[in-house]
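Read through the structure below, which is laid out as structure tokens, and then see the notes.
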Amino acid sequence: MSAQSSHHPVRINQKRQENDAESVWYDKKTDSITLSGRHQDAVINIDFKTGALNWILGDPEGWPEEYVEKYFFRPISEPFEWSYEQHGVVVCPDGDIMMFDNGHYRSKVKAHYSKAKDSYSRGVRYHIDREARTIEQVWQYGKERGADFFSPYICNVEYYDEGRYMVHSGGIAFKDGEPLEGLGSMDGTGEGCTLNAITCELVNDEVVYELHVPSNVFRAEKLPMYYAGETAELGAGKTLGSMSRTGEFETEIPAACTGELIPEHYEASVTEEEDRILFNATFEKGELAMLLLEEEDGGVHRYYINTSAAKNFEAMCVGTFLKNDPRNVDVYVNKCGISKNVKLRVLLEDKIYETGVEIRME
């Protein structure tokens, strides 16, 4: 597979695809998948075979009542606190749910948001009764350390054995000695800012190991120095499964082919990855735009480009790469369903422009 082009203002890049799932856990006992929806303050569980929703763990504030009654859990013991913007969800051997509770804002209601100096993060373990839809908080570590252990993003926990856990608070940031209101990756690099990541191993609630790193660190993993006396061999990776087919726009929009390259002010670029194509450009808000992949025999794949939707949430764990310009848009097209060589064109309002890029599907 290769991208070819003539001389044009569209940047072309080629790279391997890198994906990051915040937290996905397959539980063999229940044949289900547990997923962490951090920006919804919710952990959900679905049936592996059917995809049917089984339950939702999280603060039910703001959810439709029919969802709350059917899928959410009811706290039945004290002390109890919901988790907010969680990371690293783990299903324990007995079915308990364990996670890193970032505790960002400590509420789903903006009027009740907590300041960073009043916040805390923690590892927490919940016992859930799937039939009765009840939930108990059976363990936590970190709240007692207050803002010094507070990470508004990233982090994780690990279950090693009953009573033996790791709690990794990887996104701690201060400015002028006070907890930073923003994120270390975005706002913690200026003058007076310091970053920290604290990793603790606990045995029966006693900290037996603690590591501090002067940076913000997404994940922590404990790796053995030796593997039962054998040398660890890391072979080549392999791809499992495949990407789904990207939804296409069915209707052809009348437009004149200009034969001209897309104007330079769009700052368009194309990146070919192993199993998808990335088109990036900067548009005026609300501008009609569509990416066209045209086959040699005349077939066309059309992909609508949303230039007007507000982007309230992004992956804050990669804040360094977040876009400052909301008009800058990424369009991803999976190669699944595209079997022929295609030329990339862009429809803008009532005109079609060339990118000069051809993707060969050989």
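For the residue pair Asn156 and His87, no side-chain donor N or O sits within less than 3.5 Å of a side-chain acceptor on the partner. Residues Glu210 and His212 bring a donor and an acceptor atom of their side chains to less than 3.5 Å of each other. No side-chain donor from either of Thr307 and Glu287 sits under 3.5 Å from a side-chain acceptor of the other. Looking only at atom types and distance, the side chain of Trp82 has no donor-acceptor partner in the side chain of Asp101 under 3.5 Å away. Side-chain contact, Asn328 with Thr282: a donor N or O sits under 3.5 Å from an acceptor N or O. Side-chain contact, Tyr26 with Asp31: a donor N or O sits under 3.5 Å from an acceptor N or O. Between Thr34 and Asn45, the side chains place a donor N or O and an acceptor N or O closer than 3.5 Å (distance only, hydrogens not considered).
In the hydrophobic cluster analysis, where Ile, Leu, Val, Met, Phe, Trp and Tyr join through side-chain heavy atoms closer than 4.5 angstrom, Ile352 is grouped apart from Ile305. In the hydrophobic cluster analysis, where Ile, Leu, Val, Met, Phe, Trp and Tyr join through side-chain heavy atoms closer than 4.5 angstrom, Val124 is grouped together with Phe100. Hydrophobic clustering, with ILVMFWY side chains joined whenever heavy atoms are under 4.5 angstrom apart, keeps Leu292 apart from Val270. There is a path of hydrophobic side-chain contacts, each under 4.5 Å, that joins Trp139 to Phe73. Tracing side-chain contacts under 4.5 Å through hydrophobic residues (I, L, V, M, F, W, Y), one never reaches Val333 starting from Ile253; they form parts of separate clusters.
Residue Arg302 forms a salt bridge (Lys or Arg N to Asp or Glu O under 4.0 Å) with just one option from Glu250, Glu294, Glu252, Glu248, and that option is Glu252. With Ile128 as the fixed residue, the side-chain contact (heavy atoms from CB on, under 4.5 Å) test singles out one of Val43, Ile97, Asp96: Ile97.
Under the 30°/60° scheme for interplanar angles, the aromatic rings of Tyr303 and His301 are found to lie parallel. By the 30° and 60° cut-offs, the orientation of the rings of Tyr113 relative to Tyr105 is parallel.
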Kindly indicate, with the supporting measurements, whether the criterion salt bridge (charged side-chain N to carboxylate O under 4.0 Å, His left out) is fulfilled by Glu295 and Lys343.
CA-CA 7 Å; Glu295 299 174 345; Lys343 291 183 178 180; over 6 Å; no
Full working for salt bridge (charged side-chain N to carboxylate O under 4.0 Å, His left out) between Glu358 and Arg360:
CA-CA 6 Å; Glu358 180 180 353; Arg360 304 190 66 82; 3.4 Å; yes
Using the side chain to side chain contact (heavy atoms under 4.5 Å, CB included) rule, take Gln140 and Gln137 through it: C-alpha gap first, then chi angles, then the decisive distance, then the call.
CA-CA 8 Å; Gln140 77 86 37; Gln137 179 181 300; 4.0 Å; yes
Test side chain to side chain contact (heavy atoms under 4.5 Å, CB included) applied to Val157 and Tyr165, step by step:
CA-CA 7 Å; Val157 296; Tyr165 315 127; over 6 Å; no
Would Val213 and Leu195 satisfy side chain to side chain contact (heavy atoms under 4.5 Å, CB included), going step by step from the backbone distance to the final call?
CA-CA 8 Å; Val213 177; Leu195 304 180; over 6 Å; no
Working note: Ser308 + Asn306, criterion side chain to side chain contact (heavy atoms under 4.5 Å, CB included); need CA distance, chi angles, decisive distance, verdict.
CA-CA 6 Å; Ser308 60; Asn306 189 346; 3.4 Å; yes
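Between Leu261 and Tyr353, the closest side-chain pair of non-hydrogen atoms is not below 4.5 Å. Inter-residue side-chain proximity for Glu178 and Asp176 is flagged as unmet; no heavy-atom pair is nearer than 4.5 Å. Side-chain contact between Met290 and Val346 is absent, with no heavy atoms from C-beta onward closer than 4.5 Å. Within the 4.5 Å cutoff, the side chain of Val89 has no heavy atoms near those of the Met98 side chain. With a 4.5 Å cut-off on side-chain heavy atoms, Tyr209 and Val207 do not count as touching. Looking at heavy atoms from C-beta onward, Arg74 lies in side-chain contact with Ile76 at the 4.5 angstrom threshold. Contact check for Leu202 versus Val208: no side-chain heavy atoms found under the 4.5 Å cut-off. Contact check for Val331 versus Asn280: no side-chain heavy atoms found under the 4.5 Å cut-off.
Between Arg164 and Glu201 there is a salt bridge, since at least one side-chain N of the basic residue sits less than 4.0 Å from a carboxylate O of the acidic one. Ion pair Lys108/Asp59 not flagged as a salt bridge, since none of the NZ, NE, NH1 or NH2 atoms sits closer than 4.0 Å to an Asp/Glu carboxylate oxygen.
From Arg327, atom CZ reaches atom OH of Tyr266 across 10.5 Å, with rounding to the nearest 0.5 Å. Rounding to the nearest 0.5 Å gives a distance of 7.0 Å between NZ of Lys29 and CG of Asp94. Atom CZ in Arg38 sits 14.5 Å away from atom OH in Tyr84 (nearest 0.5 Å). Rounding to the nearest 0.5 angstrom, the gap separating the OG atom in Ser121 from the NE2 atom in His104 is 9.0 Å. Interatomic distance, OH of Tyr159 versus CZ of Arg125, reported as 5.5 Å (0.5 Å rounding). The CG atom of Leu344 sits 5.5 Å away from the CD1 atom of Ile359 when rounded to the nearest 0.5 Å.
In terms of the side chain to side chain donor-acceptor pair (under 3.5 Å) criterion, residue partners of Tyr141 (sequence neighbours excluded) are, by chain and number, Arg145.
For the pair Arg122 and Phe150, the cation does not sit on the ring face, since its NZ or CZ is not both under 6.0 Å from the ring centre and inside 45° of the axis.
Here the closest heavy-atom approach between residue Tyr126 and residue Ser83 is recorded as OH-N, 3.3 Å. The minimum heavy-atom distance between Thr30 and Ser32, with the atom names listed, is OG1-OG, 2.7 Å. Between Ser107 and His112 the shortest heavy-atom distance is OG-CB, 3.5 Å. Heavy-atom minimum distance, Ile44 versus Ile56: CG2-CG1, 4.1 Å. Gly171 and Cys155 make their closest contact through N-SG, 3.9 Å (heavy atoms, listed as atom of the first residue, atom of the second, distance). Contact detail for Arg133 and Asn54: the closest heavy-atom pair is NH2-O, 2.7 Å.
By the 6.0 Å contact criterion, NZ on Lys222 is enclosed, its count of non-hydrogen atoms from other residues, nucleotides or ligands being greater than 12. Heavy-atom contacts from other residues, nucleotides or ligands closer than 6.0 Å to OH of Tyr160 number more than 12.
Listed for the Thr355 side chain is a donor-acceptor partner under 3.5 Å among the backbone atoms of Val357. Side chain of Asp47 to backbone of Leu53: no donor-acceptor contact under 3.5 angstrom is found. Looking only at distances, no side-chain donor or acceptor of Ser215 sits under 3.5 Å from a matching main-chain atom of Val217. The backbone N or O of Thr246 lies less than 3.5 Å from no partner atom in the side chain of Asn334, so there is not a single donor-acceptor pair. In this structure a side-chain-to-backbone donor-acceptor pair under 3.5 Å is present from Ser169 to Phe149.
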